[in-house]
Protein chains: 2
Amino acid sequence: MGRPRRPSLADVAARAGVSIGTVSHVLNHPERVRAATRLRVREAIAELGFVRNANAHSLAGGGARTIGLVIPDIGNSLFVDIARAAQERALENRTSLLVADSNNDDALQDRHLEFFASARVSGILLAPMRDPGIAVRRVRRLGIPVVLLNYAWDDDEHCSVVIDNRRAGELAARHLLELGRRRLAFVGGHDELQPVRDRREGVRSVVAASRGLATLVEIPTEDLVATGGVHAAAALLGLPDLPDGVIAVTDLLAMGLLQTLVQHGVAVPDDLALMGSDDNASAWGGSVPMTSVQMHGRALGAAATALLTEEMTDADHEHRRVEVAPTLAVRESTAGRAPADA
Amino acid sequence: MGRPRRPSLADVAARAGVSIGTVSHVLNHPERVRAATRLRVREAIAELGFVRNANAHSLAGGGARTIGLVIPDIGNSLFVDIARAAQERALENRTSLLVADSNNDDALQDRHLEFFASARVSGILLAPMRDPGIAVRRVRRLGIPVVLLNYAWDDDEHCSVVIDNRRAGELAARHLLELGRRRLAFVGGHDELQPVRDRREGVRSVVAASRGLATLVEIPTEDLVATGGVHAAAALLGLPDLPDGVIAVTDLLAMGLLQTLVQHGVAVPDDLALMGSDDNASAWGGSVPMTSVQMHGRALGAAATALLTEEMTDADHEHRRVEVAPTLAVRESTAGRAPADA
DNA sequence: TTGAAAGCGCTAACAT
DNA sequence: ATGTTAGCGCTTTCAA
């Protein structure tokens, strides 16, 4: 009892019979210490179970080697992909990646930002659902680099990596038109969400360009997961004329649609071609593999981390915006059996 | 230019015309400060964009109010559920939840543990895939409480919250037997993974108890996601006698199986009843909703956080083990249309 | 090669 | 109610 918890540098130094400065050296500049001493110190560290206090380390000027990632939804595979790739890139630079989920809550997002800021992380990756507003400015004022992910925000204060969501919508609509579908529907979300808005714009523009060849009906949903799809399917079925080509703004939504439509005897893709976007890893596991617009989350995460790393290290860094192009993954839900899958 | 970055308490104090101690007080014990002064200080804080340095805060003895969660796979919905519930509970106590994904890599898991230890977080939730070994002991020696999630480790040094995986296996096997299935198959994973082992034991015990009524074939897979299921389906189809009841150790695996089996003309559930476990949110979105053993990740996460919080605050804390009972969610993949779904 | 000492930004006594 | 000051554990000159 009473044995000092949390051994400090001083404890290690005492045990190894050296000064505290020497211990610090074997931690940070081992080459400046004689091999024998180094060994002795390392033994003391092991025996004491010493773990360097990162707070003191950081306070005293040691580099932070931590980056924070703030995502709106840890259940969304796009952000999972982003996180995975970001972590891989971060580890290559010997830095840790911490993930904070803001659960689509702006206040929580701000809390997380503030937290990372107060922890003085070396950089932040932020994937906001809405305008991150002043919170992100606060962070920047502290000199902590922030890279915006998946959100187009026009100012030149930070780098950003975005998906061309408009193009995603265009790809989807064009695909259905090429399959001969004419009565299109766009299912998804509220206007408040930029990616939803952009994808819908893309769809609209293609339909508009068809000069009356195709029609478009838009069905908003409360959420972007399977439940929303189930409700939207009911709305579709209530239409006087069932669409023959449906674009869901997320794969989960498409899954919910699929399930309900099939239960009501609608043949997919014969009666109705259905597609999602995001290329959710789980979406292609169903019995009708889902056509989707791939968003390349891994590319997003990797690019963002690269930008952040550059900003963290290069003194003369110029803010840039990287666009990741979506691509089409054609599967059974639009193309039928024997699809030209990737 | 050269205006001092990262305003400190001293800067705020100077700007507000008070002492540094006063500023600290408005941060930590606002009631001890006259309203007018408080206001002045808060204005200075806002104008300067001051964000308290958590490192210094923690160093000087301020509570950490952070808990770290280490999970093996951020793509697994069980851990996503755990993380969500843990975050909710943590927020109720005004503490932040940081997630680190160890990507099924023991070395990375240790790194994350070490990181949280060095950051002197107030507690750690650890969901290990294998024996966390000495790394977790290191953390404990620092006096940081650790709660083990989803892993039964017999020692009395920490609390743990576990799923009764054996029971999960039993539930699954019993369900299939009750449906009249006799030729069972268990698909999934290597022996190295405790949850897999336990679930299989549960299945075996039920089959054994049937006294020859039922048979069981076991099919290992390389991974626990859809790909593994696709391969396993091939193995199933190659069997002299196709099983009529298949238990996949994860839902993703079951999804892969389903897709491939259906493509080969096997009717689910008529020819073959198929079920998974974990109750992956996305699994029930397919056109054949998947029967699954629900693992109640949210309950796990909530219980673990509660235990951790207790250990963090109560001086006289007794380590406990909480068991969360799995339950059956019967859906179409075993019961056919009009299932008795929850 | 090693030791001594001055902070880093903050909290919490203790004074006033 | 507010100011002063001694650390917290570490890094980093600077001296020895």
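Fair warning: this is a prediction, and the values are worked out from it, not measured in the lab.
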**Asked** How large an angle, rounded to 10°, do the end axes of the helix from C:dT1-D:dA16 to C:dT16-D:dA1 enclose when each is built from five base pairs?
**Response** 40°
**Prompt:** Atom NE2 of A:His158 and atom CG of A:Leu126: how far apart are they, to the nearest 0.5 Å?
**Reply:** 9.0 Å
**Message:** Filter on salt bridge (charged side-chain N to carboxylate O under 4.0 Å, His left out), then keep only pairs touching residues 84-110 of chain B, sequence neighbours left out; what's left?
**Reply:** A:Asp73-B:Arg84, B:Glu88-B:Arg298, B:Arg89-B:Glu92, B:Asp106-B:Arg130
**Request:** Could you list the residues that satisfy salt bridge (charged side-chain N to carboxylate O under 4.0 Å, His left out) with B:Arg40, not counting sequence neighbours?
**Result:** none
**Item:** Value rounded to 0.5 Å, distance of CD1 in B:Ile124 from CG in B:Leu149
**Value:** 12.5 Å
**Message:** Whole angstroms only, please: what is the CZ-P distance between B:Arg6 and C:dG9?
**Reply:** 10 Å
**Prompt:** Where does the chain B footprint on DNA chain D start and end, counting 5' to 3' with a 4.0 Å heavy-atom cut-off?
**Reply:** D:dA1 to D:dG9
**Message:** List the residues meeting side chain to side chain donor-acceptor pair (under 3.5 Å) with B:Asn165, not counting sequence neighbours, and say none if there are none.
**Reply:** B:Arg199
**Prompt:** Which whole-number value in Å describes the distance from A:Leu39 CG to C:dT1 C1'?
**Reply:** 16 Å
**Prompt:** Using a distance-only test with no angle check, is there a side-chain donor-acceptor pair under 3.5 angstrom linking B:Arg120 and B:Asn55?
**Reply:** no
**Fill in**
Heavy-atom nearest pair, A:Ser160 first then A:Val147, reads CA-CG1, 4.3 Å
**Item:** Side-chain (B:Ser102) to main-chain (B:Ile71) donor-acceptor, under 3.5 angstrom
**Value:** yes
**Message:** Please tell me whether B:Ser77 and B:Asp81 have a donor and an acceptor in their side chains that are separated by less than 3.5 angstrom.
**Reply:** no
**Asked** Okay, side chain of B:Asp314, backbone of B:Asp316: is any donor-acceptor separation there less than 3.5 Å?
**Response** no
Polar-atom pairs under 3.5 Å, protein N or O versus N or O of nucleotides 10-13 of chain C: list them with distances, or write none.
unit_1	atom_1	unit_2	atom_2	d
C:dC10	OP1	B:Asn53	N	3.3
C:dC10	OP2	B:Leu9	N	2.3
C:dT11	OP1	B:Asn28	OD1	3.4
C:dT11	OP1	B:Asn28	ND2	3.2
C:dT11	OP1	B:Arg52	NE	3.0
C:dT11	OP1	B:Arg52	NH2	3.4
C:dT11	OP1	B:His57	ND1	2.7
C:dT11	OP2	B:Ser24	OG	3.0
C:dT11	OP2	B:Asn28	ND2	3.4

